[in-house]
Amino acid sequence: MGKFTEIGKKWQEKWDKYKVFKVDNNSKKEKCYVLEMFPYPSGKGLHVGHSRNYAIGDVYARFKRLKGFNVLYPMGFDAFGLPAENAAIKANVHPKEYTEKAVKNFTSQLKSLGNSYDWDREVRTCDVSYYKWNQWIFLKLFNAGLIERKEAPVNWCNSCGTVLANEQVEDGSCWKCHNEVEIKNLEQWFLKITDYADELLESIKELEGWPGKIKTMQENWIGRSEGTLVNFKLKDSEEEIQIFTTRPDTLWGVTYMVYAPEHPKVMELVEGTEYEDKVKKFVDNVALGDRYSRTDDDKEKMGMFIGRYGINPVNNEIIPIYIANFVLPDYGTGVVMAVPAHDQRDFEFAKKYNIPIKIVIEPEEYSLDAETMIKAYVEEGKIVNSDEKFNGSTNLEAIGGINHYLEELKIGEVTTQYKLRDWLISRQRYWGTPIPMIKCDECGYVPVDEEDLPVKLPLDVKFTGEGNPLLGSKEFVDVKCSKCGKDAKRETDTMDTFFDSSWYFLRYCNNKFEEGAFDRKDMDYWMPVDQYIGGAEHAVLHLLYARFFIKAFRDLKLLNFDEPFSKLFTQGMVYKDGAKMSKSEGNVVNQDDMVEKYGVDSVRVFLLGLAHPSKTVEWGDEGIEASFRFLSRVYGLKDKVKEESKDYEKHLESKINKLIKEVEENIEEFNYNIALIKIMEFVNYLSKIKGNVSLEIYNDAFKKFLVVFSCFAPHLCEELYEHHDEGYVSLAKWPEVIENKIDLSLEKEEDFISGIVSDVHAVLKLVKIEPKKIKLIVADSWKYELFKNFKEVGSRDMKEVMGKVLIEGREKEISKLVPSLIKKGIDEVLLEREKEVELLERNKRMLEKEFKLEVEVLEDDNGKALPLKPAIIIE
RNA sequence: GCGGGAGUGCCAGAGUCUGGAAAAUGGGUUGGACUCAAAAUCCAAUAGCUUAGUGCUUACGCAGGUUCAAAUCCUGUCUCCCGCACCA
């Protein structure tokens with residue numbers, strides 16, 4: 001075990017034992033809630049990709065704590081879910097046992113990261129003490145009318161044996177097992193997230209601390225579009241067919257209508273006709289199978305005429321009705337009007353099935369010909385072949401008028417459509433929160449009384465792999481109706497685990513609270529979360545659901561804020577050998593191995609220093625070695641060194657203050673990589689000048705440095721801080737930046753001197769003799785004169801300087817010099833000769849030490865055409 | 001197709017918002033010092049030419065433009081990555 005591994009263990013034990021990071025709910029300090037998305041405790045354990053995620057949060061939490069905030073930084077486990085249950089079926093372990101083992105393993109791994117969590121606040125969603133409140137929330141939402149049971153086309157994953165929410169289907173496949181999803185019409189429990197579609201969309205604008213990417217994804221997912229519902233008549237019937245369109249200006253160009261094949265109305269329409277069998281076949285064989293196969297970029301449009309006709313309400317034209325695979329059953333009304341002339345999909349379909357194309361919008365410059373068109377005309381234009389009221393006007397401008405006209409005739413109404421669907425929350429699986437409902441033959445579905453909560457998940461069930469194990473548990477299923485008292489059956493579906501994770505961050509505020517899921521008082525103090533950290537993959541899952549929950553809770557007066565997460569940070573992934581780390585790829589770098597070998601601080605410094613935390617990085621073994629070496633160098637700085645001179649005191653004070661300032665700014669912006677670089681530069685400097693400052697100043701700077709660096713390498717810093725001060729560096733006060741100690745001209749001097757050093761080295765290398773003495777001669781040069789000229793101009797205004805330059809016709813020479821003048825100002829650039837001499841004198845001792853030779857500084861009044869830098873003479 | 005991001009040395013990656021001496025920092029490579037030796041550490045070099053130089057020439061995907069001055073701003077274009085996608 002390495003030195004750092006030992007130091008790590010030592011401090012982790014101390015932090016744990018003395019509950020150093022315990023947080024008080026009644027502090028007078030300003031609060032700061034820092035949170036990482038809690039993990040699902042899988043059996044696989046943590047790899048360095050996870051470590052990076054948690055390290056990002058810990059740096060921020062530690063920083064805020066040092067800055068004097070009362071920081072809530074908790075951790076917990078999203079412990080319900082399918083993998084545990086599948087393990088039960090496969091390996092014959094109970095999901096509870098599997099989960100407990102995984103949680104234990106995760107906890108020890110998380111602790112070995114040294115994150116400053118308050119472990120007393122841990123929550124596990126599979127504990128009764130947690131999921132009881134899931135049920136409590138369910139009842140609150142149910143009573144508020146936000147939960148309903150309804151039949152709808154839903155996504156069914158055969159391999160998971162359960163239904164899925166829309167958000168959990170990616171490219172037609174299950175997000176967990178990647179099995180292809182089927183569409184089934186089933187009765188299920190839905191959470192009416194669509195009631196909040198508008199607010200969820202509107203308030204995205206206010207999420208200033210969120211990445212634009214995530215906001216856009218949510219916007220697209222909610223997918224609001226303004227349009228018109230138009231009622232078409234069904235020929236030979238009193239019935240009407242309602243369609244949704246965003247283009248009422250093309251109503252006069254409708255030449256057919258299309259139903260989604262699986263639309264329930266379709267079979268009704270063809271019942272008893274010669275089309276019945278054909279339609280049935282089409283729906284079963286072609287349409288549904290094709291719905292989610294997105295292997296081809298342009299999927300072929302397939303459809304068929306169903307033998308029925310509709311009547312266009314604006315011109316009474318009789319138009320054929322089709323079914324086709326490009327119409328979605330659950331968007332709009334599941335039926336569309338088709339305008340082949342002005343919609344590309346409709347156009348392609350019409351061409352394929354020889355349906356007429358009617359032009360109703362034309363560009364100003366030329367006319368269209370339905371016969372020769374090769375694609376739909378979707379641009380702006382003037383209306384033609386329509387109602388005389390609208391012919392000739394610009395289509396976009398006419399939309400308002402057309403809508404008005406439709407509304408007057410009562411054949412249409414303006415409406416808003418969303419892509420967002422209600423959230424399907426029931427799952428036909430065991431390892432989740434039982435839905436607290438009872439089905440009574442008399443009373444229908446009845447909620448469990450609040451006093452009867454929790455509805456405990458029975459542990460004594462059989463896992464056969466067929467159906468929901470709860471169905472086989474008599475004690476669970478057989479129950480009395482909470483309304484009429486007669487025999488009834490308990491609901492055996494459990495909740496989607498995203499229900500659990502939609503409010504867990506509220507429970508952290510007081511995980512012992514017994515009178516409700518959370519205490520209003522704590523909500524007012526702690527919420528919203530100030531900084532949330534997690535993966536972008538949750539953009540339209542967890543992050544959307546949680547926003548919805550908070551808005552619903554607000555309307556139930558359970559709390560009083562609008563958004564759960566003020567700031568969101570989405571971290572990048574860690575790759576190895578060009579691929580995402582995963583067991584199947586066989587490229588997993590295990591956290592434990594790295595911690596054991598290099599110590600946890602090395603792992604942290606490496607993962608955070610590699611690139612900006614939001615970027616994907618590639619794990620490299622050389623990199624972690626480098627971090628390890630760097631920490632060793634820091635560790636070496638603890639050794640006391642004899643005080644030789646005090647030459648660098650001012651420099652050091654300037655440097656440390658600048659460092660504090662830069663690190664502070666960069667942590668705030670999550671530029672951890674830059675912050676670490678500044679720290680490395682400082683350490684290099686510190687080891688260079690050690691011995692040339694008084695111990696007092698050195699120790700003071702070093703102590704401040706330790707506080708700053710403790711965000712990144714807390715264990716090492718605790719260890720070193722112990723030699724300097726009492727208490728924990730983790731609980732120290734962030735050093736104040738003393739602005740007037742920051743002296744940039746000192747850095748200029750330093751550049752100047754290091755330039756001399758490197759020149760002398762070059763010369764020494766060249767002369768190949770054993771020199772006894774070095775003379776540095778400070779001399780004039782033409783550039784020196786030029787600077788002087790500028791000084792005489794006396795203006796720092798760029799244009800004036802440039803004017804002068806242009807007049808003298810010396811553009812080329814000047815253009816190289818002017819930038820530094822403008823950037824630094826004339827006075828700074830112009831290290832006057834006297835100053836140079838003084839500088840060299842001041843640094844003589846250091847130069848002598850460097851070269852192990854005597855150095856003499858001379859002024860040369862006769863110097864001509866010599867460099868601005870001193871000439872060097874080796875004797 | 002729509003939306004977002006990115007293209008800088010041998011590699012990773014700063015710099016772009018706010019134009020002003022391009023390449024911080026780390027890795028790698030080469031040379032040197034210290035070692036019996038290795039590791040570690042330290043020093044130097046690492047686009048080209050050149051030198052006792054704050055020298056010259058190239059150079060921030062490609063092509064243009066604005067400017068005294070462009071990696072940075074503008075226009076066009078190519079490539080890659082991510083998200084959404086038959087949404088009527």
Side-chain angles (χ1 to χ4, degrees), chain A residues 170-171 211-217 219-221 223-225 227 243-247 250 258 290-291 294 297-301 324-328 330-339 343-346 348-349 417-419 536-537 539-540 606 609-612 614-618 620-623 625-627 629-630 632-633 636 671 673-674 676-681 684 687-688 751-752 755 757-767 781 783 798-799 801-803 805-806 811-812 814-824 829 850 865-869 871-874:
Chain A
E170 293 170 349
D171 260 4
K213 188 181 148 197
I214 304 288
K215 293 201 274 189
T216 319
M217 281 168 79
E219 274 165 12
N220 291 342
W221 189 261
R224 177 183 151 124
S225 63
I243 59 95
F244 173 75
T245 181
T246 53
R247 297 288 306 274
T250 61
V258 192
D290 193 49
R291 172 68 72 211
R294 296 221 181 90
D297 276 5
D298 47 345
K299 242 191 308 179
E300 205 187 343
K301 292 182 175 41
N325 60 352
F326 70 91
V327 178
L328 302 171
D330 53 359
Y331 185 76
T333 57
V335 207
V336 298
M337 64 180 211
V339 187
D343 181 284
Q344 187 56 27
R345 292 158 304 185
D346 298 349
E348 286 168 25
F349 192 79
Q417 279 291 325
Y418 297 93
K419 249 167 66 184
E537 68 271 18
V540 294
F606 171 60
L610 203 51
H612 193 271
S614 63
K615 286 200 170 171
T616 296
V617 293
E618 175 86 20
D621 290 330
E622 296 97 0
E625 297 267 359
S627 300
R629 285 201 297 269
F630 170 68
S632 305
R633 204 149 69 224
N671 297 328
N673 52 334
I674 307 289
L676 273 169
I677 283 159
K678 300 290 176 197
I679 285 170
M680 286 183 188
E681 283 174 355
N684 284 342
S687 42
K688 204 155 76 186
D751 288 349
F752 176 74
V757 169
S758 88
D759 282 353
V760 172
H761 274 300
V763 172
L764 284 175
K765 200 172 163 185
L766 223 82
V767 292
S781 78
K783 282 177 189 164
M798 184 179 76
K799 279 180 185 156
V801 172
M802 287 316 301
V805 169
L806 289 173
E811 296 90 336
K812 186 127 197 229
I814 304 308
S815 73
K816 291 253 169 187
L817 292 166
V818 165
S820 52
L821 285 179
I822 288 156
K823 199 175 177 186
K824 301 169 187 166
V829 166
E850 173 77 33
L866 279 172
L868 186 63
K869 194 158 65 172
I872 299 157
I873 294 173
I874 314 273

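- The distance between atom CZ of A/Phe326 and atom C1' of B/G1, rounded to the nearest whole Å, is 16 Å.
- To the nearest whole angstrom, the two C1' atoms, one in B/A23 and one in B/U16, are 14 Å apart.
- Separation of the C1' atoms belonging to B/C62 and B/C80 is 15 Å when rounded to the nearest angstrom.
- Protein atom CD of A/Glu219 is 18 Å distant from nucleotide atom P of B/G83, rounded to whole Å.
- The side chain of A/Leu328 approaches B/A88 more closely than any other nucleotide in the set B/G13, B/A88, B/G26.
- Here B/C42 sits opposite B/G32 as a Watson-Crick or G-U wobble pair (both hydrogen-bonding atom distances under 3.5 Å).
- Between the CG atom of A/Asn220 and the C1' atom of B/C82 there is a distance of 13 Å, given to the nearest Å.
- B/C60 and B/C68 have their P atoms separated by 22 Å, with the value rounded to a whole Å.
- Distances were taken from every side-chain heavy atom of A/Ile674 (C-beta onward) to each of B/G13, B/G26, B/A24; the shortest belongs to B/A24.
- For the pair A/Arg633 and B/A40, the criterion of a side-chain N or O lying under 4.0 Å from OP1 or OP2 is not met.
- In terms of heavy-atom proximity, A/Ala338 sits nearest to A/Val258 at CB-CG2, 4.4 Å.
- Out of B/C86, B/A88, B/G28, the shortest distance to the side chain of A/Phe244 is found at B/A88.
- Within 4.0 Å of A/Lys213, counting heavy atoms only, lie sugar-phosphate atoms of the nucleic acid but no base atom.
- For A/Met217, whose side chain is taken as the heavy atoms from C-beta onward, the closest listed nucleotide among B/A24, B/G83, B/G3 is B/G83.
- In this structure, the CD atom of A/Gln344 is 15 Å from the C1' atom of B/C2, given to the nearest Å.
- Rounded to an integer number of Å, the gap from A/Phe630 CZ to B/G26 P is 9 Å.
- Listed nucleotides B/C86, B/G13, B/A88 differ in distance to A/Asn673; the shortest reach to its side chain belongs to B/G13.
- Listed candidates were B/G3, B/G26, B/A88. Nearest to the side chain of A/Thr216 is B/G3.
- Between the P atom of B/G13 and the CZ atom of A/Phe606 lies a distance of 11 Å, rounded to the nearest Å.
- Counting any heavy atom pair closer than 4.0 Å across all strands shown, A/Asp621 reaches no nucleic acid atom.
- Counting all heavy atoms, side chain and backbone alike, A/Tyr331 lies closest to A/Ser225 at OH-OG, 2.8 Å.
- Formation of a donor-acceptor pair under 3.5 Å by the A/Asp346 side chain with backbone atoms of A/Val339 is found in this model.
- If you take atom P in B/A24 and the same atom in B/U8, they sit 16 Å apart, rounded to whole Å.
- The same atom, C1', is picked in B/G65 and in B/G53; the two are 36 Å apart, to the nearest Å.
- In this structure, the nucleotide among B/C86, B/A88, B/U25 sitting nearest to the side chain of A/Met680 is B/U25.
- Taking the P atom of each, B/A47 and B/C10 are spaced 8 Å apart, rounded to whole Å.
- For B/A14, the OP1/OP2 oxygens have a side-chain nitrogen or oxygen of A/Lys615 closer than 4.0 Å.
- Among all heavy-atom pairs drawn from A/Ile243 and A/Thr333, the shortest one is CA-OG1, 3.5 Å.
- Nearest-nucleotide mapping onto RNA chain B: of A/Val617 and A/Arg629, the residue sitting toward the 5' end is A/Val617.
- One P atom belongs to B/A21, the other to B/G27, and the distance between them is 27 Å to the nearest Å.
- Residues A/Met217 and A/Ala536 approach most closely at CE-O, 4.4 Å, considering heavy atoms.
- Shortest non-hydrogen contact noted between A/Lys419 and A/Asn220 is NZ-O, 3.0 Å.
- Comparing B/C84, B/A88, B/C86 by their nearest atom to the side chain of A/Lys301 picks out B/C86.
- For B/C68, the paired base is B/G20 (Watson-Crick or G-U wobble, both distances below 3.5 Å).
- Contact annotation: A/Ser225 reaches the phosphate of B/A88 (side-chain N/O to OP1 or OP2, under 4.0 Å).
- Nearest heavy atom pair, residue A/Phe244 against residue A/Gly332, reads CB-CA, 4.1 Å.
- Here, B/G15 and B/U72 have their C1' atoms 9 Å apart, quoted to the whole Å.
- Using N1 to N3 plus N6-O4 or O6-N4 for Watson-Crick, or N1-O2 and O6-N3 for G-U wobble, each under 3.5 Å, B/G3 pairs with B/C82.
- A donor-acceptor pair under 3.5 Å is absent between the side-chain atoms of A/Asn671 and the main chain of A/Ile674, judged by distance alone.
- Nearer the 5' end of RNA chain B, as judged by each residue's closest nucleotide, is the contact made by A/Gly212, out of A/Gly212 and A/Gly332.
- In this structure, NE2 of A/His612 is placed 18 Å from C1' of B/C81, rounded to the nearest angstrom.
- Using the Watson-Crick or G-U wobble rule with both distances under 3.5 Å, B/C10 pairs with B/G27.
- Between A/Asn671 and the phosphate of B/U25, there is no side-chain N or O to OP1/OP2 separation shorter than 4.0 Å.
- Residue A/Glu622 has its side chain nearest to B/G27 when only B/G27, B/G26, B/A88 are considered.
- If you measure from atom CH2 of A/Trp221 to atom P of B/C84, you get 8 Å, rounded to the nearest angstrom.
- Across all strands shown, A/Glu625 has no heavy atoms under 4.0 Å from either base or sugar-phosphate atoms.
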